[in-house]
Q: 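Can you read through this structure? Questions will come right after.
Counting begins at 1 with the first residue of the sequence. Just so it is clear, the structure is predicted and the values come from calculations on it, not from any experiment.
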Amino acid sequence: MPRFFHAFRKRLLRGNRLTRYLVYALGEIVLVVIGILIALEVNNRNSEAKIRRSETQYLNEIAKSLRSDLKDVHFNIRFNEDRLRSSRIVLDFLNSEAAYSDTLDRHFGSLLYTTRSVVNYSAFDALTSQGIEIIANDSLRRLITNLYSFHYHNVIDFEKQDDHALQYHVVMPGVLEHVQVRPVPGGETAGLQLGRPIDLSTIRQGNALQNALTMNIDLRIYMLSNYRQLEQRILECQQAIENELEKRSGS
């Protein structure tokens, strides 16, 4: 206690001024309480500032991950569009009586394979280990959680359980039984081949390849719908994060 207050209190006691001493003592208590409250407020503000810095860091990391995920989605869209176009062209050709053209080699070679999503979960996993509640904006927190916990999983589950099963158990056997596949000359990119019917008249008389292509077309359409919806969810989440970061930088 400062010497001034200590001496003042002794004078009050010597003068038997109990009331004044009580007022003084109460004042001391009030000052101590105010000091504690100020210290708590400073500490709370420092803690809140630290939390907001962490939140900003996590949001930047998730935004970076989403840019990578969006590139993967765009690749999947282009790949499935190419397979869908080739499957339609080949199916229309098989259902016609048109003569074979070398330009069909590319389309007969683009009937196989499908896509699988490659999602970067590292930033979201780090956020959830810290506590998703660190994201103060409720709507942004729901957007991020729904994207990673539902929309990504929904597409990936359908890829594994339906699309890949059809591709490897129906489309691939049907194509490889009736189509001779060969690499593109000088091509080093995976998934690019040329193809040609082994026996065109036999293929046209049967239904195996046509049925496989019909199913593949339906699934390619459905997968494209899934990927385009996922693209919109990622863009929506990206925009919400950008808006939040801009608001932080301007405050």
Q: So, does Ser149 use its side chain to make a donor-acceptor pair with the main chain of Asn146 at under 3.5 Å?
A: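 Absent.
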Q: According to a hydrophobic-cluster definition based on side-chain heavy atoms being under 4.5 Å apart (Ile, Leu, Val, Met, Phe, Trp, Tyr only), do Leu235 and Leu245 belong together?
A: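 Yes, because Leu235 and Leu245 connect within a single hydrophobic cluster, where side-chain heavy atoms sit under 4.5 Å apart.
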Q: Going through the distances and angles, do Ser96 and Arg204 end up as a side chain to side chain contact (heavy atoms under 4.5 Å, CB included)?
A: CA-CA 9 Å; Ser96 73; Arg204 280 176 165 166; 3.8 Å; yes
Q: If you round to the nearest 0.5 Å, how far is CD of Gln238 from CG of Leu147?
A: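 One finds 9.5 Å between CG of Leu147 and CD of Gln238.
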Q: I'd like to know if the side chain of Gln232 pairs up with that of Tyr227 as donor and acceptor (distance under 3.5 Å, no hydrogens or angles considered).
A: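 Per modelled atom types, Gln232 and Tyr227 side chains form no pair under 3.5 Å.
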Q: Leu143 and Leu59: same hydrophobic cluster, using ILVMFWY side-chain contacts below 4.5 Å?
A: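 Leu143 and Leu59: separate clusters.
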Q: Does the Arg196 side chain pair with the main chain of Val179, one donor and one acceptor, at a distance under 3.5 Å?
A: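 No: the side chain of Arg196 does not pair with the backbone of Val179.
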Q: Sequence neighbours excluded, which residues qualify as salt bridge (Lys or Arg N to Asp or Glu O under 4.0 Å) partners of Glu231?
A: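 Result, salt bridge (Lys or Arg N to Asp or Glu O under 4.0 Å) vs Glu231: none returned.
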Q: Do Ser117 and Glu159 have side-chain N/O donor and acceptor atoms under 3.5 Å apart?
A: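 Checked: Ser117/Glu159 side chains pair up, N/O donor to acceptor below 3.5 Å.
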Q: Can you tell if the side chain of Arg85 reaches within under 4.5 Å of the side chain of Ser110, non-hydrogen atoms only?
A: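 When only atoms from C-beta onward are counted, Ser110 and Arg85 do not touch, as no gap falls below 4.5 Å.
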Q: Salt bridge check: are Arg141 and Glu55 linked by an N-O gap of less than 4.0 Å?
A: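 So Arg141 does not pair with Glu55 through a salt bridge.
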Q: Quick one: are Asn137 and Lys247 in side-chain contact, heavy atoms under 4.5 Å?
A: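 Yes, close enough: below the 4.5 Å cut-off.
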Q: Phe75 vs Lys71, test: side chain to side chain contact (heavy atoms under 4.5 Å, CB included). Steps then yes/no.
A: CA-CA 6 Å; Phe75 172 84; Lys71 291 180 181 179; over 6 Å; no
Q: Could you tell me whether the side chain of Leu91 reaches within less than 4.5 Å of the side chain of Leu209, counting heavy atoms only?
A: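 Leu209 vs Leu91: side chains apart.
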Q: Check for a donor-acceptor pair, side chain of Asp82 on one end and backbone N or O of Arg78 on the other, with a separation under 3.5 Å.
A: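 Here the side-chain-to-backbone pair does not exist.
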Q: Could you tell me whether the side chain of Tyr152 reaches within less than 4.5 Å of the side chain of Tyr121, counting heavy atoms only?
A: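 Result yes, sub-4.5 Å side-chain heavy-atom pair found.
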Q: Heavy atoms only: give me the nearest Ile198-Gln180 pair and the separation to one decimal.
A: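 What the structure gives for the nearest pair is CG1-N, 3.7 Å.
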Q: Does either side chain, that of Tyr168 or that of Thr114, offer a donor lying less than 3.5 Å from an acceptor on the other one?
A: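 Judged by distance alone, the side chains do not pair up.
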Q: Check the hydrophobic clustering (I, L, V, M, F, W, Y; side-chain heavy atoms under 4.5 Å; chains of links allowed) and say if Val181 and Phe79 are grouped together.
A: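 Linked, Val181 and Phe79 end up in one cluster.
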Q: So, do Val119 and Val155 sit near enough that their side-chain heavy atoms are less than 4.5 Å apart?
A: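 Not touching, per the 4.5 Å side-chain cut-off.
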Q: What class does the angle between the rings of Phe93 and Phe108 fall in, given that below 30° is parallel, 30 to 60° is tilted and above 60° is perpendicular?
A: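 Correct class here is perpendicular.
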Q: Less than 4.5 Å apart, side chain to side chain, heavy atoms only: is that true for Ile241 and Leu66?
A: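 Contact flag for Ile241/Leu66 side chains = yes.
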Q: Is it the case that more than 12 heavy atoms not belonging to Glu81 sit under 6.0 Å from its CD atom?
A: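 Atom CD in Glu81 is packed in, count exceeds 12.
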Q: Please say whether more than 12 non-hydrogen atoms of neighbouring residues, nucleotides or ligands are located less than 6.0 Å from CE in Met172.
A: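 Result for CE/Met172: enclosed.
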Q: Find out whether Val171 and Leu219 are in side-chain contact, i.e. whether some heavy atom of one side chain is under 4.5 Å from a heavy atom of the other.
A: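 With C-beta onward as the side chain, the pair stays apart.
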Q: Closest heavy-atom contact between Arg106 and Ser86?
A: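 Result for this residue pair: NH1-OG, 3.7 Å.
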Q: Got a salt bridge between Arg116 and Asp72, using NZ or NE/NH1/NH2 to carboxylate O under 4.0 Å?
A: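 Judged by the 4.0 Å cut-off on N to carboxylate O distance, Arg116 and Asp72 do not form a salt bridge.
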Q: So, taking the atom named CG in Leu166 and the one named CD in Gln161, what distance separates them when rounded to the nearest 0.5 Å?
A: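 The distance works out to 14.0 Å.
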Q: So Gln193 and Tyr113, side chain to side chain contact (heavy atoms under 4.5 Å, CB included) or not? Walk me through it.
A: CA-CA 11 Å; Gln193 297 90 25; Tyr113 304 125; 3.6 Å; yes
Q: Do Gln210 and Thr214 have a side chain donor and acceptor closer than 3.5 Å?
A: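 On atom types as modelled, these side chains do not qualify, holding no pair under 3.5 Å.
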Q: Could you check whether Asp125 and Tyr148, counting side-chain N and O atoms only, form a donor-acceptor pair closer than 3.5 Å?
A: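 Tyr148 vs Asp125: no donor-acceptor pair found between side chains.
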Q: Pair Thr145, Ile135 - check side chain to side chain contact (heavy atoms under 4.5 Å, CB included), show working.
A: CA-CA 11 Å; Thr145 302; Ile135 305 297; over 6 Å; no
Q: Supply the atom-to-atom distance Asp105 CG to Leu194 CG, rounded to the nearest 0.5 angstrom.
A: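 The CG atom of Leu194 is 6.0 Å from CG of Asp105, to the nearest 0.5 Å.
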Q: Considering non-hydrogen atoms only, spot the tightest contact between Phe124 and Ile132 and give its length.
A: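 Looking at all heavy atoms of both residues, the shortest contact is CE1-CD1, 4.2 Å.
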Q: For the CG atom of Asp157 and the CG atom of Asp163, what is their distance to the nearest 0.5 Å?
A: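 That separation rounds to 13.0 Å.
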Q: Quick one: do Ile221 and Leu230 end up in the same hydrophobic cluster if we chain Ile, Leu, Val, Met, Phe, Trp and Tyr together by side-chain heavy atoms under 4.5 Å apart?
A: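 Yes, one cluster joins them.
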Q: To the nearest 0.5 Å, what is the distance between OG on Ser225 and CG on Asn80?
A: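 Answer rounded to 0.5 Å: 11.5 Å.
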Q: So how far is it from Asp69 CG to Asn120 CG, rounded to the nearest 0.5 Å?
A: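 Nearest 0.5 Å value for the CG-CG distance: 6.0 Å.
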Q: So do the side chains of Arg228 and Leu224 get within less than 4.5 Å of each other, counting heavy atoms only?
A: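 Yes - at least one pair of side-chain heavy atoms lies under 4.5 Å apart.
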Q: For the side-chain contact (heavy atoms from CB on, under 4.5 Å) test, which of Val90, Leu111, Asn216 pairs with Val175?
A: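 With Val175 as partner, side-chain contact (heavy atoms from CB on, under 4.5 Å) holds for just one option, Leu111.
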Q: Taking atom CD of Gln130 as the centre, report whether more than 12 heavy atoms of other residues, nucleotides or ligands fall under 6.0 Å from it.
A: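 Yes, because the 6.0 Å sphere around CD of Gln130 holds more than 12 heavy atoms from other groups.
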